[in-house]
Amino acid sequence: MTRKKLIAGNWKMNGSLAANAALLQAVADGLQQQQAAACDVAVAVPAAYLAQVQQLLAGTAIALGAQDVSEHSSGAFTGEISAAMLQEFGVCYALVGHSERRQYHGETDAVVAAKAQAALAAGMTPVVCIGETLAEREAGQTEAVVQRQLGAVLDTVGKDDVLRLVVAYEPVWAIGTGKTATPEQAQAVHAALRAQLVAAHPEAAGVRLLYGGSMNAANAASLLAQPDIDGGLIGGAALKAADFLQIIAAAAGDL
Ligand code: PGA
């Protein structure tokens, strides 16, 4: 089963009008010189910049992503942004359940599943983020934790919608710390997640499983060479055009 790799940048709460324009200009220029079509590329940007980035991405091969989406469709939810609103700005991907949302905003597995459902209903691809903390890994609970997190989504979305998900395994201890999971550690978790997906839908061998957590220009190729690692969710390294382009090149070369 060949899965086209996906490299998605997660800008988190970074950027400015000027910095966004410079970064995307450099990435788009670099992509024109690469085998860009060999790999899908996206950037998940702060909501305040969706309109700007939608314009900057016009005519490029880079897809627009959001970092979160409300599980509600409209109404008295101050500060929230609905899937329909995101769709008006051409958003293709919505991160749901990033560990920073789970940790700092109290998002539960049930909320994350409802957000995935809301994104799907609006025609977007949810990027379902899951991952264990260091304490959970050290207690030998990694597989149980990530399978519980993914299971909540699989139990909520319709059976055929399983095929429309992207899943991002991001060990919490590897995010922004410079500590990456080894390719073997990441592959072991991805294989367990693949088995869970295939149990939910027989064609889920085609679902993309991204790795995230301190992926960078130096370690991307060895992670992306693993059989069940189908791309990356990139934080810090997505803010530097040269690094992001190198990660995309590593993905494009390993199809
Ligand atoms: P990082 O972040 O690449 O800076 O570790 C990844 C993420 O949180 O999505």
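No experiment lies behind these values; they were computed from the predicted model shown. Counting starts at 1 for both ligands and their atoms, in listed order.
Proximity to Gly236 (heavy-atom distance under 4.0 Å) selects the following atoms of ligand 1: 1 (P), 3 (O), 4 (O). Of all atoms in ligand 1, numbered sequentially from 1 with element shown, those under 4.0 Å from a heavy atom of Gly176 are 1 (P), 4 (O), 5 (O). Which parts of ligand 1 touch Leu233 is read off a 4.0 Å heavy-atom cut-off, strictly below it: atoms 6 (C), 9 (O). Applying the 4.0 Å criterion to heavy atoms of Gly213 picks out, from ligand 1, the atoms 5 (O). Remark: ligand 1 atoms within the under-4.0 Å shell around heavy atoms of His98 are 7 (C), 8 (O), 9 (O).
Between the side chains of Gln149 and Asp109, not a single donor N or O lies within less than 3.5 Å of an accepting N or O. Side-chain atoms of His201 and Asp160 form a donor-acceptor pair, as typed in the model, at a separation below 3.5 Å. Counting only N and O atoms by type, the side chains of Asp29 and Gln33 include no donor and acceptor under 3.5 Å apart.
Taken together through direct or relayed side-chain contacts under 4.5 Å among Ile, Leu, Val, Met, Phe, Trp and Tyr, Ile62 and Leu23 form part of one hydrophobic cluster. No single ILVMFWY cluster, assembled from side-chain heavy atoms under 4.5 Å apart, contains both Ile175 and Leu209. Cluster annotation: Leu233 and Val91 are assigned to distinct hydrophobic clusters (Ile/Leu/Val/Met/Phe/Trp/Tyr, side-chain heavy-atom contacts under 4.5 Å, transitive).
Of the heavy atoms in Asn10, only side-chain atoms (C-beta onward) come closer than 4.0 Å to ligand 1. Heavy atoms of Ala174 found under 4.0 angstrom from ligand 1 belong exclusively to the backbone.
Between Leu24 and Leu56, the closest heavy-atom pair is CD1-CD1, 4.0 Å.
The protein non-hydrogen atom at the shortest distance from atom 9 (O) of ligand 1 is Glu170 OE2, 2.7 Å. Looking only at protein heavy atoms, the nearest one to atom 3 (O) of ligand 1 is Gly235 N, 2.9 Å.
Distances from ligand 1 to the non-hydrogen atoms of Gly212 include no value under 4.0 Å. Heavy-atom distances between Ala237 and ligand 1 stay at or above 4.0 Å for every pair.
Atom CD of Gln55 is surrounded by 12 or fewer heavy atoms from other residues, nucleotides or ligands within 6.0 Å.
Between Thr177 and ligand 1, no pair of N/O atoms sits closer than 3.5 Å.
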Note to self: Please determine whether salt bridge (charged side-chain N to carboxylate O under 4.0 Å, His left out) holds for the pair Arg3 and Asp228, giving the CA-CA distance in whole Å, both sets of side-chain angles, and the decisive distance to 0.1 Å.
What the structure shows: CA-CA 9 Å; Arg3 292 174 292 268; Asp228 287 296; 3.7 Å; yes

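The closest heavy-atom contact to atom 2 (O) of ligand 1, among the options Gln67, Lys12, Lys179, comes from Lys12.
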